[in-house]
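Worksheet: one structure, shown below.
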Amino acid sequence: MVAESRHSRMVTRTVDLRSDSVTKPTEAMRAAMANAEVDDDVFGHDPSALRLETEMAKIMGKEAALFVPSGTMSNLISVLVHCSIRGSEVILGNKSHIHIYENGGISTIGGVHPRSVKNNEDGTMDIDLIEAAIRDPRGEIVYPTTRLICLENSHTSCGGRCLSVEYTDRVGALAKKHGLKLHIDGARIFNASVALGVPVSRLVQDADSVSVCLSKGLGAPVGSVIVGSKSFVAKARILRKTLGGGMRQVGVLCAAALVAVQENVSKLEDDHKKAKMLAEGLNRIKGLRVNVAAVETNIVYFDVVKGAAEKLCKNLEQHGILIMQESPISIRVALHHQISASDVQYTLSCFKQALTGEVQEDNGI
C-alpha cells in the first residue's frame, strides 16, 4: 500500500523547519504593503525603497544600499561589480553558498573563475591558504587575475557558524595588502551579529560590499539588499537592471522588509535559544547524533545514525514536521520567529516516536 501524503491525511499541525525562508508575512507587514507609498524604482524615485535602502546603509555602516529580488542576485551583482573584467578570479570557501547553491552564475554569466579554499568546520578558511590562493600578478599570461575574496557569515553549510570580528578583520587586512576587494555574503549577518553580541556594522567594517537577505532570519516576504560605497551601488544598480531585477513599484515589498528589520532583529536571540533547545533534545534521542556545541545561531545539522534520513523525513511529514534532507545520513533544520517553543516540543515528540516508537506527551499542544 502506498503511504499517504500529508495532504491526504488530516494533519492538524504543521511545523515547517525546512528553512527560515518559509515564514509568512505578519499582519504588520501586510498592512505596510497595503499602505506603501510607491513610485518607479528603476528611475530611483520609489520612496519606500529609498527609505529601506537609507536605513540599511545606516545600520550596516556603509554609504549606500540597493534592494534586489534575491540573495542569489545580490551576490552575483556584487561579484560582477568587483570583477568587471572577464577572466577575473574570486577566492571563496568550498562550502560557500555562492560556490554551491547559486547555479554557478558568477562563471556562466560573469566569466568569473571561482578558486575554492577549504572551509573549516567553523566556516572560516585558513588565512595562509587564502593568501596562497592569490595569484602572482607576474603569471597573468597563464593565470586568471585574483580580484576578490568572499566570506559567508553566518555560514549556512557549516551549521550557521559565525565568523568573528577578529577573523573578518584579518581577511580584510589580507585583501588590502594584495589590493583585493572583500565581499561578505551576509544572508544571515544579523543572526551572526546577535549571536556574537557585536553590532552588525562592526562585523562588516572591512567589507567593500555585503549582501543581506531580508527573507530569511528577518522574515520579510521577498528580497535582499546590497550595501557598499556610493560608486559601488551605482554600478550595482545598472547590473540589477541588466539581470532583470528592476521591478518598478517595489516599495510594496520594501515596506514589508522595513517592518522585518525594525521588528524581527530582536527576535533572533529567541530563535537561537529554540535551536539550541531542539539540538539538545534531538541529541537525547537514540538514533540521532548532534554536535550541540556547534549550534550558534538558528540552524541545526544532525546525523541519523543508521543512515535512513529519507525514511525519517517521510515519516515525520505524516505528522506535519517538514525538514530538509542534506544527504543519506544528514538532516538540516532552521528555526525562525514563527516557530514556537511548543512547536519545538511537538517536533521532539514526533522524532522520538518515529525513532523509538515511544509516544511522548506534549504539554505544549
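Please read these numbers as outputs of a predicted model, since none were measured by experiment. One is the number of the first residue; the rest follow in order along the sequence.
Residues Ser229 and Ser231 have side chains that bring a donor and an acceptor to within less than 3.5 angstrom of each other. A donor-acceptor pair shorter than 3.5 Å cannot be found between the side chains of Asp208 and His183. Side-chain atoms of Ser340 and Asp343 form a donor-acceptor pair, as typed in the model, at a separation below 3.5 Å. Judged by distance alone, the side chains of His336 and Asp16 never bring a donor and an acceptor atom under 3.5 Å apart. Between the side chains of Ser349 and Gln353, no donor-acceptor pair of N or O atoms lies under 3.5 Å.
Pairing each heavy atom of Thr297 with each of Ser154, the nearest pair is OG1-OG, 4.3 Å. Smallest separation of non-hydrogen atoms from Cys158 and Asn120: SG-O, 3.5 Å.
Without hydrogens or angle criteria, Asn315 side chain to Ala354 main chain gives no donor-acceptor distance under 3.5 Å. In this structure, the side chain of Lys274 does not engage the main chain of Leu335 through any donor-acceptor pair within 3.5 Å. Judged purely by atom type and a 3.5 angstrom limit, Glu152 uses its side chain to pair as donor or acceptor with the backbone of Thr156. Of the possible donor and acceptor atoms, none in the side chain of Tyr167 sits under 3.5 Å from a partner among the backbone N and O of Ile127.
Val225 and Leu258 fall within a single hydrophobic cluster, where Ile, Leu, Val, Met, Phe, Trp and Tyr side chains are chained together by heavy-atom contacts under 4.5 Å.
Screening Lys241, Arg240, Arg51 against Asp41 for a salt bridge (charged side-chain N to carboxylate O under 4.0 Å, His left out) leaves a single residue, Arg240.
Aromatic rings of Phe302 and Phe351 (six-membered ring for Trp) have centroids within the 6.0 Å cut-off, being under it.
Salt-bridge formation is detected for the pair Glu296/Arg161: a Lys NZ or Arg NE/NH1/NH2 atom is positioned less than 4.0 Å from an Asp or Glu carboxylate oxygen. Looking at Glu166 and Arg170, no side-chain N of the basic residue comes within less than 4.0 Å of a carboxylate O on the acidic one, giving no salt bridge.
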- Task: Before giving the answer on side chain to side chain donor-acceptor pair (under 3.5 Å), spell out for Asn298 and Asp20 the whole-Å C-alpha distance, their side-chain angles and the decisive distance to 0.1 Å.
- Result: CA-CA 8 Å; Asn298 66 321; Asp20 49 4; 2.9 Å; yes
- Are Ser342 and Arg13 close enough, and set up right, to give a side chain to side chain donor-acceptor pair (under 3.5 Å), and what steps lead you there? CA-CA 11 Å; Ser342 172; Arg13 183 171 188 169; 2.8 Å; yes
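More than 12 heavy atoms of other shown residues, nucleotides or ligands fall within 6.0 angstrom of atom NZ in Lys176. Counted within 6.0 Å of CZ on Arg135, heavy atoms from surrounding residues, nucleotides or ligands total more than 12; the atom is thus considered enclosed. Residue Glu326 qualifies as enclosed at atom CD: its count of foreign heavy atoms under 6.0 Å is above 12. Residue Glu63 places its CD atom among more than 12 non-hydrogen atoms of other residues, nucleotides or ligands, all under 6.0 Å distant. Within a 6.0 Å sphere centred on CD of Glu140, other residues, nucleotides and ligands contribute 12 heavy atoms or fewer.
Ring geometry, His82 versus Phe232: the interplanar angle falls under 30°, so the pair is classed parallel (tilted spans 30 to 60°).
Residue Lys95 holds its NZ atom at 7.0 Å from CG of Asn119, rounded to the nearest 0.5 Å.
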